[in-house]
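All remarks here apply to the structure that follows.
Treat the numbers as computed from the prediction; the structure is a model and nothing was measured. The residues of the chain are indexed from 1 along the displayed sequence.
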Amino acid sequence: ALRRVATLVAQGSPPAAVFAAIAEEVGRLFAAEAAGVVRYDGGGGATAIGSWSDEDSRFWTGMAKLGGRNVTTLVYETGRSARVDSFGGDDSSDVTMFARSAGLWSAVGAPIVVDGRIWGALQVASVHEARLPPDTEARLANFAELAATAIANAEAQAELTTSRARIVASSDETRRRIERDLHDGAQQRLV
């Protein structure tokens, strides 16, 4: 699973494809019904940027406000792996409400730490009343560490591409300025 994700990163695949591949590989690896990669925005919200499910729409999409008792919020607040074995109770947060409506029963999440800060979370969820296996947190945390490396590499590659584009644009502008100065200077002398 990690080799397939690393291959996508090495090939320069777009981040959306890498995140979707990470979610799918994790979902299949853990025999879960849903999996996703969530990125924290720092303003009390999170965005699902890659998801996979055995059926359509089992993992929430778009942005959600953090809060309540769900793995998205717990991972953000603690910086550690988290588990929720039931989405019952009176929690009415965005993520919990979606989990209930999708029929999800339990979920496990692990932090994705990039450059020493919590970048996001890797999550798996099950529709079965039986809990996800007890070692899920540790196994998911190991995959999240490797996913963080893939994300850091993808971000570095994107920054490098942006930097190269900036350098090319700057050199083109400098070349045009020199050509204009040469042309204008020669024209002035002729006049």
Side-chain angles (χ1 to χ4, degrees), residues 1 5 15-148 150-152 155:
V5 170
V18 173
F19 299 137
I22 289 171
E24 181 176 356
E25 294 295 344
V26 166
R28 293 187 189 282
L29 181 68
F30 289 93
E33 282 74 33
V37 178
V38 175
R39 181 162 191 179
Y40 298 120
D41 65 18
T47 303
I49 58 173
S51 63
W52 171 87
S53 63
D54 63 345
E55 293 180 7
D56 290 341
S57 305
R58 279 215 202 253
F59 195 86
W60 61 279
T61 58
M63 295 183 67
K65 187 175 180 182
L66 294 173
R69 190 177 185 295
N70 54 69
V71 295
T72 305
T73 302
L74 294 172
V75 168
Y76 180 75
E77 290 175 348
T78 66
R80 295 187 314 222
S81 295
R83 170 187 287 269
V84 172
D85 287 320
S86 172
F87 289 104
D90 60 354
D91 182 358
S92 62
S93 64
D94 293 349
V95 176
T96 302
M97 294 302 287
F98 180 82
R100 281 188 201 137
S101 69
L104 297 175
W105 187 264
S106 64
V108 173
I112 298 173
V113 178
V114 177
D115 294 331
R117 62 179 173 77
I118 296 179
W119 180 93
L122 188 56
Q123 303 175 1
V124 293
S126 173
V127 297
H128 305 294
E129 290 187 25
R131 296 171 25 151
L132 290 163
D135 66 341
T136 304
E137 289 97 319
R139 291 175 56 212
L140 190 61
N142 289 336
F143 200 96
E145 286 177 17
L146 296 168
I151 290 167
E155 286 183 345

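The side chain to side chain donor-acceptor pair (under 3.5 Å) contacts involving residues 22-32 comprise R4-E25, E24-R28, where partners must be two or more places apart or lie in separate chains.
Put simply, the side chain of Y40 reaches to within 4.5 Å of the side chain of L66, judged on heavy atoms. Looking at heavy atoms from C-beta onward, S81 lies in side-chain contact with P111 at the 4.5 angstrom threshold.
When all heavy atoms of V38 and A46 are compared, the pair lying nearest together is CG1-CB, 3.5 Å. Residue M63 comes nearest to D41 through the heavy atom pair CE-OD2, 3.6 Å, listed as atom of the first residue, atom of the second, then distance. Taking every heavy atom of both residues into account, A148 and V114 meet most closely at O-CG2, 4.0 Å. Considering every non-hydrogen atom in both F143 and A1, the closest pair reads CE1-CB, 4.0 Å. Closest approach of V95 and A64 over heavy atoms only: CG2-CB, 3.8 Å. Taking every heavy atom of both residues into account, L104 and A34 meet most closely at CD2-CB, 4.4 Å.
By the salt bridge (charged side-chain N to carboxylate O under 4.0 Å, His left out) test, R69 pairs with no residue at all, sequence neighbours left out.
Note that CD1 of I112 and CZ of F19 are 8.0 Å apart. Values are rounded to the nearest 0.5 Å. Atom-to-atom distance recorded for E33:CD and D54:CG is 5.0 Å, nearest 0.5 angstrom. Separating the CG atom in N70 from the OH atom in Y76 is a distance of 13.5 Å, to the nearest 0.5 Å.
Formation of a donor-acceptor pair under 3.5 Å by the R83 side chain with backbone atoms of L132 is found in this model. Of the possible polar contacts, none joining the S106 side chain to the D85 backbone as a donor-acceptor pair under 3.5 Å is found. A donor-acceptor pair is defined here as one N or O able to donate and one able to accept, closer than 3.5 Å; such a pair exists between the side chain of T78 and the backbone of R80. Although no hydrogens or angles enter the test, the distance criterion places a donor-acceptor pair under 3.5 Å between the side chain of R100 and the main chain of F87.
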For residues 117-124, which side-chain donor-acceptor pairs fall under 3.5 Å, sequence neighbours excluded?
from : atom 1 : to   : atom 2 : distance (Å)
W119 : NE1    : E155 : OE2    : 2.9
Q123 : OE1    : T72  : OG1    : 3.4
Q123 : NE2    : T72  : OG1    : 2.7

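Just one of V71, L29, V108 meets the side chain to side chain contact (heavy atoms under 4.5 Å, CB included) condition when paired with L140; it is V108.
Annotation for D135: atom CG counts as buried by contact number, over 12 foreign heavy atoms lying within 6.0 Å.
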Steps toward side chain to side chain contact (heavy atoms under 4.5 Å, CB included) verdict (L74, V84): CA-CA 9 Å; L74 294 172; V84 172; 3.8 Å; yes
